[in-house]
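Quantities reported herein were computed from a predicted structural model and do not represent experimental measurements. Atoms within a ligand are numbered from 1 in the order they appear, just like the ligands themselves.
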Amino acid sequence: MKAIIVCTSVSHGNTKRIADVMGQILEARVVEPGQITAAELATYDLVGFGSGIFNMAFHPELRDFVKSLPEGQQGKAFVFASSGFPEPKFRQYTRTLSKLIEQKGFSVVDVFTCRGFDTWLPLKIVGGIRKGHPDADDLDAARTFAVGLRSRIGAPS
Ligand SMILES: Cc1cc2nc3c(=O)[nH]c(=O)nc-3n(C[C@H](O)[C@H](O)[C@H](O)COP(=O)(O)O)c2cc1C
């Protein structure tokens, strides 16, 4: 199994820290959307797509990248995010991104989310929330998630 992780992490590097621990387990390179072409992406068996959450959506750079991919992709995919708050029921952004990814032909096998230090404008006044996140427990959970993926999909090759 050959894996790669596409990650946009612009606020505090929170999502990149998650991507890096997953990348270690999956032996996957972590790249930004601008660092990989659709043709190269198609050579992977498993692709992770992740970012922080901004105004209740994945980062536009990641969404635009997914939108730009041609249909007919054949690999498996997973989605991950860090955010200040848990995903609200009325705006299921992980589902929205998963659907977009599936429209391109990938099969989305799992989703991981955790809290990340959040300095969204109104919260900046109080010094931000979720300070220290992702913390050691969040990173452990990300590791466990990746181990689960590896055992379901196959060892890195
Ligand atoms: C402008 C802005 C908007 C945000 N919007 C949301 C939001 O709608 N929901 C949420 O839970 N967190 C929100 N956050 C918090 C980020 O999702 C969180 O800090 C995330 O961990 C950032 O990831 P990154 O450091 O990898 O970019 C927002 C942060 C900023 C700066």
Side-chain angles (χ1 to χ4, degrees), residues 3-38 40-41 44 46-69 73 75-104 106 108-150 153 156:
I4 189 158
I5 298 177
V6 184
C7 176
T8 302
S9 184
V10 294
S11 190
H12 296 285
N14 296 335
T15 321
K16 173 76 162 55
R17 290 173 62 203
I18 297 165
D20 284 342
V21 300
M22 290 178 176
Q24 279 165 16
I25 304 289
L26 298 170
E27 295 179 25
R29 198 154 57 96
V30 178
V31 296
E32 291 171 21
Q35 294 175 321
I36 186 149
T37 63
E40 200 189 335
L41 205 70
Y44 288 88
L46 176 68
V47 185
F49 294 95
S51 80
I53 298 302
F54 300 89
N55 305 317
M56 297 203 189
F58 279 80
H59 193 280
E61 201 176 297
L62 185 74
R63 286 187 284 138
D64 288 348
F65 176 70
V66 175
K67 283 179 197 158
S68 77
L69 295 174
Q73 303 288 329
K76 292 188 166 44
F78 66 94
V79 165
F80 63 101
S82 71
S83 59
F85 296 93
E87 182 174 51
K89 285 254 183 302
F90 62 87
R91 187 72 74 86
Q92 295 186 320
Y93 40 73
T94 58
R95 239 177 103 190
T96 307
L97 186 72
S98 297
K99 270 192 188 162
L100 192 61
I101 292 168
E102 293 204 317
Q103 277 166 17
K104 299 297 178 174
F106 290 101
V108 176
V109 291
D110 216 342
V111 174
F112 177 88
T113 62
C114 74
R115 300 294 68 79
F117 179 45
D118 181 357
T119 52
W120 194 7
L121 206 55
L123 304 169
K124 222 175 185 168
I125 298 159
V126 293
I129 57 162
R130 319 294 182 209
K131 253 183 213 158
H133 286 270
D135 63 9
D137 287 346
D138 297 321
L139 297 179
D140 271 350
R143 233 171 255 123
T144 303
F145 173 86
V147 168
L149 282 177
R150 188 179 63 186
I153 294 167

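For the pair K16 and ligand 1, the shortest N or O to N or O distance does not fall below 3.5 Å. Considering backbone and side-chain atoms alike, T15 places an N or O below 3.5 Å from some N or O of ligand 1. Of the polar atoms of T8, none of the N or O atoms is found under 3.5 Å from an N or O of ligand 1, judged by distance alone.
Partners of K16 under the salt bridge (Lys or Arg N to Asp or Glu O under 4.0 Å) rule, at least two apart in sequence or in another chain, are D20.
For V66 against K104, the heavy-atom pair with the smallest separation is O-CE, 3.3 Å. The two residues S51 and H59 have their closest heavy-atom pair at OG-N, 3.0 Å. Taking every heavy atom of both residues into account, F85 and I129 meet most closely at CZ-CD1, 3.5 Å. When all heavy atoms are compared, the tightest approach of R95 to E87 is N-OE2, 4.3 Å. The heavy-atom pair separating R63 from L97 by the smallest distance is CG-CD1, 4.1 Å.
Residue M56 has at least one heavy-atom neighbour below 4.0 Å for each of these atoms of ligand 1: 7 (C), 8 (O). Close approach to G116 involves these atoms of ligand 1, each under 4.0 Å from a residue heavy atom: 21 (O). Near F54, with a cut-off below 4.0 Å to any heavy atom, the atoms of ligand 1 are 2 (C), 3 (C), 4 (C), 5 (N), 27 (O), 29 (C), 30 (C). Within ligand 1, counting atoms from 1 as listed, the ones closer than 4.0 Å to a heavy atom of V10 are 27 (O). Each of the atoms 10 (C), 11 (O) of ligand 1 lies under 4.0 Å from some heavy atom of F85.
Side chain to side chain, R115 and S82 fail the donor-acceptor criterion of an N or O pair below 3.5 Å.
For atom 16 (C) of ligand 1, the closest non-hydrogen atom on the protein side is I53 O, 3.4 Å. Of the protein's non-hydrogen atoms, the one nearest atom 5 (N) of ligand 1 is N55 N, 3.0 Å. The nearest heavy-atom contact from the protein to atom 12 (N) of ligand 1 is G84 N, 3.1 Å. Among protein heavy atoms, atom 25 (O) of ligand 1 sits closest to H12 N, 2.7 Å. At the top of the distance list for atom 1 (C) of ligand 1, counting protein heavy atoms only, stands W120 CD1, 3.5 Å. The protein heavy atom nearest to atom 21 (O) of ligand 1 is S82 OG, 2.6 Å. The shortest contact between atom 18 (C) of ligand 1 and any protein heavy atom is with F117 O, 3.8 Å.
Aromatic ring pairs are classed by plane angle as parallel below 30°, tilted from 30° to 60° and perpendicular above 60°; the pair H12 and F117 is tilted.
Aromatic ring centroids of F145 and F78 lie under 6.0 Å apart.
When S11, G52, G50, S51 are ranked by how near their heavy atoms come to atom 27 (O) of ligand 1, first place goes to S11. Relative to atom 29 (C) of ligand 1, the option among T119, L121, D118 with the closest non-hydrogen atom is D118.
Here the CZ atom belonging to R130 is positioned 11.5 Å from the CG atom belonging to D135, to the nearest 0.5 angstrom.
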**Asked** Could you go step by step and tell me if D110 and F80 meet the side chain to side chain contact (heavy atoms under 4.5 Å, CB included) rule?
**Response** CA-CA 9 Å; D110 216 342; F80 63 101; over 6 Å; no
